[in-house]
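Notes follow once the structure below has been shown.
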There are 2 protein chains.
Amino acid sequence: MRRMTARPGNAHQARLLKLLRDGGPNSRAQLGDQVDLSRSKLAVEVDRLLQTRLVVADGLAASRGGRRSHNIRLNPELRFLGVDIGATSIDVAVTNAELETLGHLNQPMDVREGPVAVFEQVLAMAAKLRSSGLAEGFDGAGIGVPGPVRFPEGVPVAPPIMPGWDGFPVREALSQELGCPVMVDNDVNLMAMGEQHAGVARTVADFLCVKIGTGIGCGIVVGGEVYRGTTGSAGDIGHIQAVPDGRPCACGNRGCLEAHFSGAALARDAMEAAQQGLSAELASRLETGGDLSAVDVAAAAAAGDPTALELIREGGDRTGQVIAGLVSFFNPGLVVIGGGVTGLGHTLLAAIRTQVYRQSLPLATGNLPIVLGELGPAAGVIGAARLISDHLFSPA
Amino acid sequence: MRRMTARPGNAHQARLLKLLRDGGPNSRAQLGDQVDLSRSKLAVEVDRLLQTRLVVADGLAASRGGRRSHNIRLNPELRFLGVDIGATSIDVAVTNAELETLGHLNQPMDVREGPVAVFEQVLAMAAKLRSSGLAEGFDGAGIGVPGPVRFPEGVPVAPPIMPGWDGFPVREALSQELGCPVMVDNDVNLMAMGEQHAGVARTVADFLCVKIGTGIGCGIVVGGEVYRGTTGSAGDIGHIQAVPDGRPCACGNRGCLEAHFSGAALARDAMEAAQQGLSAELASRLETGGDLSAVDVAAAAAAGDPTALELIREGGDRTGQVIAGLVSFFNPGLVVIGGGVTGLGHTLLAAIRTQVYRQSLPLATGNLPIVLGELGPAAGVIGAARLISDHLFSPA
DNA sequence: CCGACTTTCTCCACTCAGAGGACAAAGACG
DNA sequence: CGTCTTTGTCCTCTGAGTGGAGAAAGTCGG
């Protein structure tokens with residue numbers, strides 16, 4: 001089902017749409033206070049927006065001592081689809097035009113099964129959300145994939161952990177299937193956009209968003225805009241050398257950060273520790289579950305297991321050293337830590353903070369918050385919705 | 001002597017000024033081809049510019065088969081002053097409005113003597129250039145200093161190698177003395193702007209410019225604009241840890257890149273080698289000169305001295321490792337190596353390239369040139385002139 | 001219930017940026 | 001010398017945007 005959604009005709013309209021998205025319903029007068037246009041010009045642009053499907057006027061607001069104002073708001077029937085494809089699971093959410101999550105599904109899925117299988121799954125999840133009455137159709141969709149993307153075309157390029165996806169026309173294919181505009185980006189960039197839109201980074205122009213999951217990546221925001229680099233691989237910090245002559249990494253080098261600390265590395269280290277009898281706690285979990293994951297390490301740490309705590313602390317140290325270098329280089333106003341491994345919580349954060357504050361210069365760290373993401377697994381899908389909404393709310 | 005120079009009245013005029021600066025004299029028709037304005041509108045804006053001192057029309061160009069065109073050009077009498085204050089020397093140059101260098105002076109000076117002594121020197125050098133007939137007065141000046149700068153105010157903040165400068169109102173003081181607008185920036189950023197304007201980075205939007213001199217810094221250009229970070233310390237890579245538990249650094253940590261490779265570190269290592277009798281070449285230079293500097297190492301290396309070559313190679317390895325991390329993170333389209341140490345030439349470059357191409361992922365390095373700067377010591381002063389010209393050629 | 005005051009929104013006249021076409025100026029060329 | 005080409009100027013028209021007058025719709029005190 002294709003829905004024809006208009007795009008704003010000029011920069012003023014785009015500005016107004018974004019104000020309505022981020023600030024909710026507004027009167028014409030309130031909008032006028034924010035856009036520095038005369039009331040007459042504003043009225044013209046609002047009227048044009050009302051003629052599209054994008055914006056509606058419904059009802060009157062309570063009086064504030066004078067004539068009651070009309071409520072101008074984004075069409076409450078608009079629906080965006082946010083999709084976050086991780087290495088081991090898929091998140092799909094439906095939002096309204098104000099990017100409020102109306103429904104959210106999560107299913108395990110190995111991204112290595114390839115784009116066809118994955119998108120079958122994604123479409124099934126989208127259909128489920130739709131049939132539960134949350135949406136009749138979608139006006140746009142944002143997709144995050146765990147690897148570099150040639151952004152203008154929406155095509156993954158040379159993704160290390162999802163080889164079958166190289167060159168697959170994600171944007172085009174999904175646009176066909178869903179019958180709506182689609183934008184594709186790296187999952188880490190979407191997490192950054194999510195935290196920027198609705199999380200801890202709302203007021204910061206330049207920040208880093210480090211996502212530690214199966215792999216490690218970093219979203220870079222410069223002047224409020226995601227920076228993607230020359231070939232779309234900016235933020236790919238998992239293969240920065242953290243330990244000289246360290247562990248061998250899948251990329252062929254030794255000592256990569258990702259080889260020493262990530263969901264996969266942590267599970268491996270925990271297995272080793274359990275098998276060597278270093279931790280009764282981990283060993284017992286190994287018996288019950290058959291396999292250990294980062295979640296088991298988190299649980300063991302929460303139970304006070306010293307081996308698990310040491311694993312986390314060491315990983316945090318490595319990560320912190322790398323981040324310290326990035327902080328010196330980039331001088332961000334905020335560092336956000338997110339991804340699956342955030343379950344490790346304060347132990348991890350403390351280790352990272354210690355390294356950064358110790359190694360980077362005072363001018364760069366003096367006023368630098370290092371915090372966990374606020375949105376957890378929702379950051380990706382909110383970021384995805386934000387991506388497509390930014391696109392649709394820009395002049396055609 | 002104060003000269004009143006007008007600023008462009010709108011974005012069109014600013015655009016035209018920059019076209020004339022970067023492209024030289026042009027006819028109205030040629031300008032029209034580049035700015036996507038109607039010829040009538042263009043004529044209006046050009047006329048307004050002609051009414052200011054900024055632009056003049058002189059003479060007619062040769063015919064190209066029809067009516068001869070008027071030459072529109074920036075006023076050839078405009079003069080900018082470019083000042084590059086290094087740790088151990090000062091460069092001052094005069095340029096015309098097209099940023100062509102008309103005269104260039106260099107004098108040794110220790111920046112630690114403080115702002116008053118340094119600016120006395122700078123003003124003397126400027127006066128010398130002026131009295132040699134190159135300029136009657138200056139329409140603007142750009143100043144580079146070897147440390148972080150609070151850019152909007154033009155004030156150094158917490159500069160490690162020039163403690164006496166903290167908070168000194170460079171912009172205001174020099175603006176008073178010179179009687180013209182002044183902009184201040186980090187010397188590394190100016191080098192990047194110089195190479196962008198007239199050097200190897202002319203066509204690249206996102207690149208890094210690593211300057212290895214007394215210290216080490218890195219200019220970051222994002223989308224054609226210098227990125228300065230939240231507190232103005234972006235690019236301060238000298239204190240990224242290059243060697244775990246390595247040499248102690250002035251900053252209090254150990255193993256900083258700058259402690260292992262920089263003009264100062266190289267001189268120190270060469271002294272040690274000479275005193276330990278590891279290199280006859282270096283020892284003989286020690287006798288003649290009394291003290292060794294990076295220049296001696298470069299000369300010894302050129303003469304084939306294995307110890308000197310090894311010092312350079314090792315330093316290049318360290319630097320290359322750090323740059324490899326930055327390349328993974330930032331995914332630039334170009335890396336420029338500059339600064340005093342570039343005298344070490346191909347040995348250094350080869351070591352850096354080896355490390356970067358080996359350690360960073362193919363997607364980031366596949367099409368990544370790593371080259372020496374093209375402008376040498378002129379990069380800083382050209383960048384400084386570019387800085388002030390960008391400022392003056394923007395709408396007031 | 002009425003008049004004074006507020007706030008919101010609409011309408012209208014005026015200004016100015018900018019486009020586009022006609023045309024004048026000035027040269028090349030056969 | 002007439003025709004063609006290129007450059008530059010002039011004039012008219014459109015549409016964006018401003019600012020002010022005033023209508024619409026409310027609150028509040030007497």
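Just so we're on the same page: letters track the sequence lines, and every chain starts at 1. Owing to the predicted nature of the structure, the values given are computational and were not obtained by experimental measurement.
In this model, no donor atom of one side chain and acceptor atom of the other lie less than 3.5 Å apart for B:Asn96 and B:Glu77.
Taking B:Tyr227 as the reference, A:Phe330 meet the ring pair (Phe, Tyr, Trp, His ring centres under 6.0 Å) condition, with sequence neighbours excluded. With sequence neighbours excluded, the residues forming a side-chain contact (heavy atoms from CB on, under 4.5 Å) with B:Ser132 are B:Leu134, listed by chain and number. For B:Asn331, the side-chain contact (heavy atoms from CB on, under 4.5 Å) partners two or more places apart in sequence, or in a different chain, are A:Thr230, A:Thr231, A:Ser233, A:Ala234, B:Ala364. A search for side-chain hydrogen bond (donor to acceptor under 3.5 Å, both in side chains) contacts involving B:Glu98 returns nothing, not counting sequence neighbours.
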Side chains of residues 389-396 of chain B: which donor-acceptor partners sit under 3.5 Å, not counting sequence neighbours?
residue, atom, partner, partner atom, Å
B:Ser389, OG, B:Arg21, NH1, 2.4
B:Asp390, OD1, B:Arg21, NH1, 2.8
B:Asp390, OD1, B:Arg21, NH2, 3.3
B:Asp390, OD1, B:Arg386, NE, 3.4
B:Asp390, OD2, B:Arg386, NE, 3.1
B:Ser394, OG, B:Asp390, O, 2.6

Review item, side-chain donor-acceptor pairs of residues 64-73 of chain B, under 3.5 Å, at least two apart:
residue, atom, partner, partner atom, Å
B:Arg68, NE, B:Ala61, O, 3.0
B:Arg73, NE, B:Asp58, OD1, 3.3
B:Arg73, NE, B:Asp58, OD2, 3.4

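Within the structure, the salt bridge (Lys or Arg N to Asp or Glu O under 4.0 Å) test picks out no pair touching residues 9-19 of chain A (sequence neighbours left out). Among residue pairs with one or both ends in residues 222-232 of chain A, those qualifying as salt bridge (Lys or Arg N to Asp or Glu O under 4.0 Å) are A:Asp185-A:Arg228; sequence neighbours excluded.
Within a 6.0 Å sphere centred on CG of A:Asp33, heavy atoms belonging to other residues, nucleotides or ligands number more than 12. Counted within 6.0 Å of CD on B:Glu172, heavy atoms from surrounding residues, nucleotides or ligands total 12 or fewer; the atom is thus considered open.
Within residues 24-33 of chain B, no residue has any heavy atom under 4.0 Å from DNA chain C. Near DNA chain C, meaning a heavy atom under 4.0 Å from it, residues 35-43 of chain A has A:Arg39, A:Ser40 in order of number.
For the helix from C:dC1-D:dG30 to C:dG30-D:dC1, the end axes, each set by the C1' atoms of five terminal pairs, are bent relative to each other by 10° (nearest 10°).
Mapping B:His70 and A:Asn10 onto DNA chain D via the closest heavy atom, the residue that lands nearer the 5' end is B:His70. Residues A:His12 and A:Leu60 each lie close to DNA chain D; by heavy-atom proximity, the contact nearer the 5' end of the strand is made by A:His12.
On the nucleic acid side, DNA chain D has its first and last nucleotide under 4.0 Å of a heavy atom of chain A at D:dA16 to D:dT27, going 5' to 3'.
B:Leu49 pairs in a side chain to side chain contact (heavy atoms under 4.5 Å, CB included) with only one of the listed residues (B:Val56, B:Asn75, B:Val55), which is B:Val55.
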Determine whether A:Arg202 and A:Glu374 satisfy the following criterion, salt bridge (Lys or Arg N to Asp or Glu O under 4.0 Å), listing intermediate values before the conclusion. CA-CA 11 Å; A:Arg202 264 177 295 238; A:Glu374 201 172 285; 3.4 Å; yes
